[in-house]
Every structure is written in C-alpha cells, then in structure tokens.
2 protein chains.
Amino acid sequence: MTRRAKATAAPSPWSSQSERERERAAKREAVLRTAARLFNTRGYHATSLDEVATALNVTKPTIYHYFANKDEILFECTRRGLDAIIEASRRTAAQGGSAAERLRGVLTVYALTMMDDFGICVARTQDHLLSEPSRQQFRALKREIDALIRHLVVEGGVDGSVQVRDVRIATFTAAQALNGLGNWFNPEGPMTAPEVADQVVQTLMAGLTGRGAATD
Amino acid sequence: MTRRAKATAAPSPWSSQSERERERAAKREAVLRTAARLFNTRGYHATSLDEVATALNVTKPTIYHYFANKDEILFECTRRGLDAIIEASRRTAAQGGSAAERLRGVLTVYALTMMDDFGICVARTQDHLLSEPSRQQFRALKREIDALIRHLVVEGGVDGSVQVRDVRIATFTAAQALNGLGNWFNPEGPMTAPEVADQVVQTLMAGLTGRGAATD
DNA sequence: TCTTTTTGTTACCCGTTGGTATACGAGTTA
DNA sequence: TAACTCGTATACCAACGGGTAACAAAAAGA
C-alpha cells in the first residue's frame, strides 16, 4: 500500500488534490444518504439540517460547507434516484429482444430503484418542495423517464408485443404503480425487493401485453 | 320557504339552534375545501393558516373557532376523500355481477374520487404529516379500502373472473396506480376525469383478469 | 517556519408560523 | 336594559429552523 516516490506513473503534485476532491465527494454522498433516509422517514420539512448534521457527528455549518442550501440537498437526493433509473433504463432499452421484453427490463429496473433510499426520495418528493430551478430539472428528468417508457410502449405497439389503448394512460399507469413502491415496500416484509419488483412488473405487463397474468 | 310559526311539526325553540349548527357545519366544510385546494397546490407545510383564512375573507382565529389545530384540518380533508371512496365502494361492492365486474366498479369510483380536491389531498398526504392519533385513523381508513379491494380480488379468484398470482401485490398495484391519479390528472388536459378513470381502470383490469387490453 | 486553504465550530440572527389572550359587536333571551 | 352567547378581529407570543459571521485548528505548500 505504501506508494514509493517515483514508482508508479506520475506521482504528481496533483495527487493530493485529487485525493481531496475524492474525499469531499465521499462526504457529499454521505450527507445525501443520511439526508435521504431522514427525509424518507420524517419528511422533508420535519427534518432539520441540525438533525442531519447530528446524525453525521457534525454541525450544521459543516453541511453548508458542502451544499449551498437545503433545497440543493433534496434535489441531489432525487437526482441520484432519477439518474439511476435513466442510466439503467438506457442500457436495458438498448439491448436486444422484443419491445415487450425490453419494457419489462426497464420497468424492473425502475421498480428496484424505487425501493432504495434515493428512489424512495423520488417517490415522496412533491415538486413544490423544490425551488423553481431545481423543480425544472426535477421535472425534466422525470419527463425523460416517461419518454423512455413511452417510446418502448409505442415500439411494442408496432412490433405487436404490446397492446394498449392509449399510450399516455398505459405509461402513466405503470409508472405510478412503480412509484407507489417507494411508499409501500417494507424491507422487513415477507418478500425481498427483487421478488416484489418481479411480481409487480408481471402484473403490469399482463395489462400491457394482453397476455394475462401467468398463474403457472 | 317561509316557515310559519306553528305550521310544521315542532316549531320548537331549538330551531334556531339547529340552524346555527347547520351554518357552522357549512363553514367547516368551506374551510376544508379551501384548505384542501391550497394544500394540494402549495403543499401542507407551505400553506399557512393565514393564507387559508385570507382565502376565506377571514382571519386566523376564526379558523381556530372551527378547528382545534392545523392537523385536524388536514385529517378532516383526507377523511372526506377516504370516506367517499369507502362509502361508494361499499355500495358498488354490494351490487350484483361477477367479482370482476364489481371490482371494476370499485376501482372506477376510487379513480374518480382521486381526482377531486379531497382525493388529491389523500394521495398527497404522507402520513408523517399527521399527528399520531390522526395518523392512526388515517391508516385505519386506508386499510379499510385495501381490505375492500383485496376481498373482491379474492372473490374473483374463486369465481374465476380474476386471475392474479399474489393478491397483496395485485391489490397494491391497482391502488397505487389509482393514487397516482391524484398527482397526475390535470382537469385542463385533453381527457375528462371519467374518461381517464375508465381508461386506467381498463388497463388495470386487463392485468387482473388476464383478458388483455381491449383494443376495439 | 510561515502562509494559505480546508474543514470544522460556536454563537447568533431573523423570518415564518402555529397558536392564544383578549376584546368587541351583534343577535338572543329575560 | 342587562346578561349571555357566538363569531370574529387585533395584537401578541414562543419556538423552530434556515442561514450566516467569525473564528479555530489542522493540513498543505513554500
């Protein structure tokens, strides 16, 4: 582990700086995780930054050293969740298979994300909690996800693997049901997150593909 | 409209009192409606009682003349919504037809309720906003609705009109999708509330009955 | 070793808002 | 007219919580 002076490539003077940056980023993430958990259990307004700070063994001004204000913290929490969905969805959507198969994959990813800290935060964050600029980004990210799903539904309509009356309604129904997971899922419950995700997605897909619920 | 002294039964001295009570109740309702609308647009915490009062051409202490505290106002708002669903669902569920038919009726009522002021309030009220006693009642009412739906799903499993893998999952999926309406529906949008309700319920029923989405 | 930057603290400010004490006027009763 | 009730307003309080100023200490750099 000891790094000898000239041993590795470029033991440049920047190393310490990048190290700093990494630590700073790690601390930001820690703040976000802790904040997300607290927001999720007590609610945004009911969670003071003092509480967040205390949970991190730190004081409030320290938090302000890493974030401009409370709004930024909330927004970054939701962005973690939304980005996770978008990124994983893009990967899934780019794979092979019928539109229905890819849709199932995307919905499953969505479902899984909605059951972790940041996903739950997304589900519970009503947009009037955010400042105007944050709200706009928040909405934009959500629209992106909506567009991704909608696109697959349309594609499925073309290749015949998906059958719905109204694309908007179908997309909305699926997305809302999955958002609900954020409020409903209990890790201490009888089913694991992947099990729940599979089951819910299956129920939804039954409605979207017209193949009915498999009762195998 | 004029009520002559002894004309109707018992022109008792209480008449003025009952009149008072009716007016009082009407004012309570007005407060709730106004509060619900404001809560829905700005959020609970972001809505001060001063704002509610101003919207009613009144001052804050007047509101306290009708309600003990802000919590009671929020809870009563949600109760209006939940009661509406429960009552209408009971009626619908008691009618004839297959379990699937009755389930469709209940879901439709649910959907419609979730698109009016009090229903939206239900959808947006996270239970940590309520005080402990209110929260318990709130949850109890929600459980009642869940039980109603779940019962119909089970019944449908017996008479064969509904096919699902897991009753809890299926019930949850439907309920969450409908809750989502409260956040999503826009009265100024292209579809009316009943249209949206029908479409969403149809999508859900396709998943629950295994009959597929009718694309007629 | 001296200086600068980073990270953190203590102490404080101040706006907002839920909630209340109190008074006042109008209608009702006696 | 005196007394009581009801609905409402004025004026106020106390607490909470977001945000900041100023300072301390440690680490990095020179």
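Order of the sequence lines sets the chain letters (A, B, ...), proteins ahead of strands, with each chain counted from 1. Only a predicted model underlies this, so the values are computations on that prediction, with no experimental measurement involved.
- Taking side-chain N and O atoms only, B:His65 has a distance below 4.0 Å to OP1 or OP2 of D:dG7.
- Note: CZ (B:Phe39) to P (C:dT17) measures 13 Å, nearest angstrom.
- Using a 4.0 Å heavy-atom cutoff across all strands shown, A:Asp50 reaches no nucleic acid atom at all.
- C:dG15 atom P lies 18 Å from atom CG of A:Asn69, rounded to whole Å.
- Straight-line distance from the OH atom of A:Tyr64 to the P atom of D:dG18: 6 Å, rounded to whole Å.
- Residue B:Thr62 places at least one side-chain N or O closer than 4.0 Å to OP1 or OP2 of D:dA9.
- One finds a side-chain N or O of A:Tyr66 lying less than 4.0 angstrom from the OP1 or OP2 phosphate oxygen of C:dG8.
- Distance CZ (B:Arg28) to P (D:dG7): 12 Å, rounded to an integer number of Å.
- Between B:Ile73 atom CD1 and C:dG19 atom P the separation is 9 Å, expressed in whole Å.
- Considering CG of A:Leu129 and NZ of A:Lys70, their distance stands at 9.0 Å, rounded to 0.5 Å.
- Contact between the side-chain N/O atoms of A:Thr59 and the OP1/OP2 oxygens of C:dT10 is not found at any separation under 4.0 Å.
- Between the CG atom of B:Leu49 and the P atom of C:dT20 there is a distance of 11 Å, given to the nearest Å.
- Residue A:Arg24 places no side-chain N or O under 4.0 Å from the OP1 or OP2 atom of C:dT6.
- Take the nearest nucleotide of DNA chain D for A:Pro61 and for A:Ala46: the residue whose nucleotide is more 5' is A:Ala46.
- Taking atom CG on B:Leu56 and atom C1' on D:dT8, their separation rounds to 13 Å, with Å as the unit.
- For B:Lys60 and D:dT8, the shortest distance from a side-chain N or O to OP1 or OP2 is not below 4.0 Å.
- In this pair, A:Tyr44 and A:Phe39 present their aromatic rings perpendicular. The plane angle is above 60°, beyond the 30 to 60° band.
- With no hydrogens or angles considered, a side-chain donor-acceptor pair links B:Arg165 and A:Gln202 at under 3.5 Å.
- No hydrogens or angles considered: nothing links the side chains of A:Glu195 and A:Gln199 as a donor-acceptor pair under 3.5 Å.
- When the P atom of C:dT20 is taken as reference, atom CZ of B:Phe67 falls 16 Å away, rounded to whole Å.
- With 3.5 Å as the limit, one finds no donor-acceptor pair spanning the side chains of A:Asn69 and A:Tyr64.
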